[in-house]
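One structure below.
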Amino acid sequence: MPELHTAADGPVDGHAAPHDDVTALVEEHISVVEPEDALPRVSLDELPEAMRAACARAGWTNLMPVQSLALPYLMAGRDIMVQSRTGSGKTGTYLLPLLPRLDAETKAPQALVLVPTRELAVQVEHEARTLFAETGIRPAAVYGGVGYKKQMDALRDGAQLIVGTPGRVLDHLLRRTLNLEALRMLVFDEADRMLSIGFYPDMKEVQRYLPRRRVHTCMFSATYPPHVLRLAGEFMADPAMLSLSRKEVHVAEVQHLFCACRPMDKDRVLVRLLETENPASAIIFCNTKANVHYVTSVLQGFGYCADELSADLSQNRREAVLDKIRRGALQYLVATDVAARGIDIPALSHVFLYEPPEDHESYIHRAGRTGRAGAAGTVISLVDVMQRMELERIARHFKIALRELPAPTDDDVAAVAGTRLTALLEARFRKLNGLERLRVARYVPLVRALAAQDEGGDGELMLAMLLDACHQQSLRESRFPEGLPEPRENGGKAGRSRRKRSARREDGGAEEREAAPAESVPQSGADGGDGHDGSGTDGEGRSARRRSGRRRRGRGRREQDGEAMQPGAADAGDET
């Protein structure tokens, strides 16, 4: 088992201030969990000359705790998962070891850093430019929401370090403007947020383009809930775990947060938290049956996969809810303490307390539902002024490190939902074939006209309505490894067709990838991959169905004759 150590190495909020005795005393409550075969920590003076020079260019006079601890593993080429909160110096941790490993003479991507947002991609690229100045190593940031030309020019000029969002990286791989054959290191930064946004399918697609040889891989995340640990298992072989967290007792791997709000605003704050946190699954605890029913109604009204469990439910109704929990088909359970005892939700990453419990022990019971089996979890309590005082008494009693989480605003929610929707729409757009792209292009003038309406018109709201419908649909789709199954009403032929196509894509492997035409990428009116959404005129629909029927019959005859299928042909017909 990993040993627990106490670190007193310095600040965790950046390199703005050098270490001093006061800072060391402040940071004594940081706990560190290291691998069994832990490597000794390193100081700035012990780094190679190239890395020391990079630190000097950045103005760093000492290493941060996460850097001192993690750099030896990265320099040794060991796969590692690092848990450390945002602002603790993780970016420098994975950039510094690249200096002796990247070859400035090789004009090809040798390191890939996947990040969840455009803002983080720009930030990491900026820090890389500072650290790599005068070395000949060139970073490039690639992300969605902007044109391709500048990014393609940077890739064509031979950038050695690529920092990007999974969706746009995949776009460049499909365009063949990015090749990963020379890749030496792969980094997942803020892996929990990437899964929260919904990048898991794109990350798995990017994996197909990685070299068949071993690539040094490391993962950085503020939390490691079960779905993030499963992701690590899919990309890394027997990685080590290095964790830096606030030292606390009872459910030590759990973050304890509270969100201050007025009693009448709790329902809206809860919905905003679900949007910004986007848990894989969660329990929302209430003290009364009335609140359980009310919160459940609110969540269902917003389109969430939520259900309630309270003593008022009939036996048949309770059994139905429990069955959904056992099948992993329920994302959010709203319950009282009594109703939730003995119930486990798979991959539980969050616990929300709509109100603090009436006794201290119940808080530990509620919090203990997450952070199991070595995974990290998050507990968020919604409190008014008086409830906050009670929660702080509970925290003092159990010596729990309690932190305030500002209530998300509408702008916060819009930004998070916008990032998630952009990733979703880009993924769907990549799957459109040539006919579908031509059909979609017919509505571009209408989109422009609606967006250009005078103030007071409903054009923008009508476009927002379409995006909301897309977002509501995404709430019913799994965005995590081994996530929730599709709702039963989405099953049937369409569900079987999607599963068949997924299996064929997995079986296709590198052969499909190598044969994919360069035009199968997002360009206006260009040919694309697979997909059919069933829209368009009746004539077009009948014509498409006739053509797809002929393709299926032809494919069946070729399969019987033992002929090899052409890449992409399998997907074209099953969409109808």
Side-chain angles (χ1 to χ4, degrees), residues 10-11 13-19 41-77 82 87-115 118-143 146 149-165 169 172 177-189 215-218 220:
D13 288 320
H15 288 272
H19 295 195
R41 305 178 187 186
V42 66
S43 66
L44 180 61
D45 294 337
E46 297 171 312
L47 295 179
E49 172 58 31
M51 296 172 67
R52 291 202 307 273
C55 292
R57 285 191 291 270
W60 301 346
T61 58
N62 283 287
L63 295 181
M64 309 294 284
V66 65
Q67 295 165 353
S68 176
L69 288 158
L71 279 174
Y73 299 93
L74 273 72
M75 294 166 63
V82 179
S88 60
K90 296 193 296 291
T91 304
T93 305
Y94 60 74
L95 287 179
L96 281 175
L98 294 177
L99 279 163
R101 302 181 62 180
L102 300 187
D103 182 8
E105 300 299 321
T106 301
K107 305 301 182 183
Q110 300 163 54
L112 173 63
V113 180
L114 294 177
V115 298
R118 165 184 179 173
E119 292 74 20
L120 185 56
V122 172
Q123 175 185 324
V124 172
E125 183 202 26
H126 176 75
E127 189 160 344
R129 289 190 182 279
T130 301
L131 292 172
F132 298 161
E134 306 171 10
T135 65
I137 299 172
R138 304 172 63 176
V142 298
Y143 45 81
V146 297
K149 185 178 186 307
K150 182 179 178 181
Q151 298 174 8
M152 292 171 65
D153 290 343
L155 295 173
R156 191 181 300 111
D157 290 343
Q160 292 90 359
L161 168 64
I162 308 301
V163 185
T165 55
V169 168
H172 282 288
T177 53
L178 174 61
N179 187 295
L180 301 180
E181 289 304 316
L183 196 70
R184 301 178 182 178
M185 186 169 181
L186 173 64
V187 178
F188 297 90
D189 195 0
V215 175
H216 180 203
T217 305
C218 56
F220 292 79

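This structure is a prediction, so every number in the text was calculated from the model and none was measured.
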So, taking the atom named [atom1] in [X] and the one named [atom2] in [Y], what distance separates them when rounded to the nearest 0.5 Å?
| X | Y | atom1 | atom2 | result |
| --- | --- | --- | --- | --- |
| Ile137 | Leu98 | CD1 | CG | 7.5 Å |
| Leu180 | Gln110 | CG | CD | 11.5 Å |
| Leu96 | Gln67 | CG | CD | 6.5 Å |
| Glu134 | Arg57 | CD | CZ | 5.5 Å |
| Leu120 | Thr165 | CG | OG1 | 10.5 Å |
| Leu131 | Trp60 | CG | CH2 | 4.5 Å |

I need the minimum non-hydrogen distance between [X] and [Y], along with the two atoms involved.
| X | Y | result |
| --- | --- | --- |
| Pro139 | Ala159 | C-CB, 4.3 Å |
| Gly92 | Pro97 | O-CD, 4.3 Å |
| Thr61 | Leu44 | O-CD2, 3.4 Å |
| Ala108 | Ala182 | CB-CB, 4.1 Å |
| Leu74 | Cys218 | CD2-SG, 4.2 Å |

For a 4.5 angstrom cut-off between non-hydrogen side-chain atoms, does [X] reach [Y]?
| X | Y | result |
| --- | --- | --- |
| Val113 | Phe220 | no |
| Gln151 | Thr177 | no |
| Met185 | Leu102 | no |
| Phe132 | Leu161 | yes |
| Val169 | Leu114 | yes |
| Thr93 | Tyr73 | no |
| His172 | Ile162 | no |
| Val42 | Leu47 | yes |

Derivation of the side chain to side chain contact (heavy atoms under 4.5 Å, CB included) call for Met51 and Leu71: CA-CA 11 Å; Met51 296 172 67; Leu71 279 174; 4.2 Å; yes
Test side-chain contact (heavy atoms from CB on, under 4.5 Å) applied to Val163 and Thr91, Val122, Val115, the passing residue: Val115
Residues, nucleotides or ligands: over 12 heavy atoms within 6.0 Å of Glu105 CD: no
Greater than 12 external heavy atoms within 6.0 Å of Lys150's NZ: no
Steps toward side chain to side chain contact (heavy atoms under 4.5 Å, CB included) verdict (Arg129, Arg138): CA-CA 7 Å; Arg129 289 190 182 279; Arg138 304 172 63 176; 5.7 Å; no
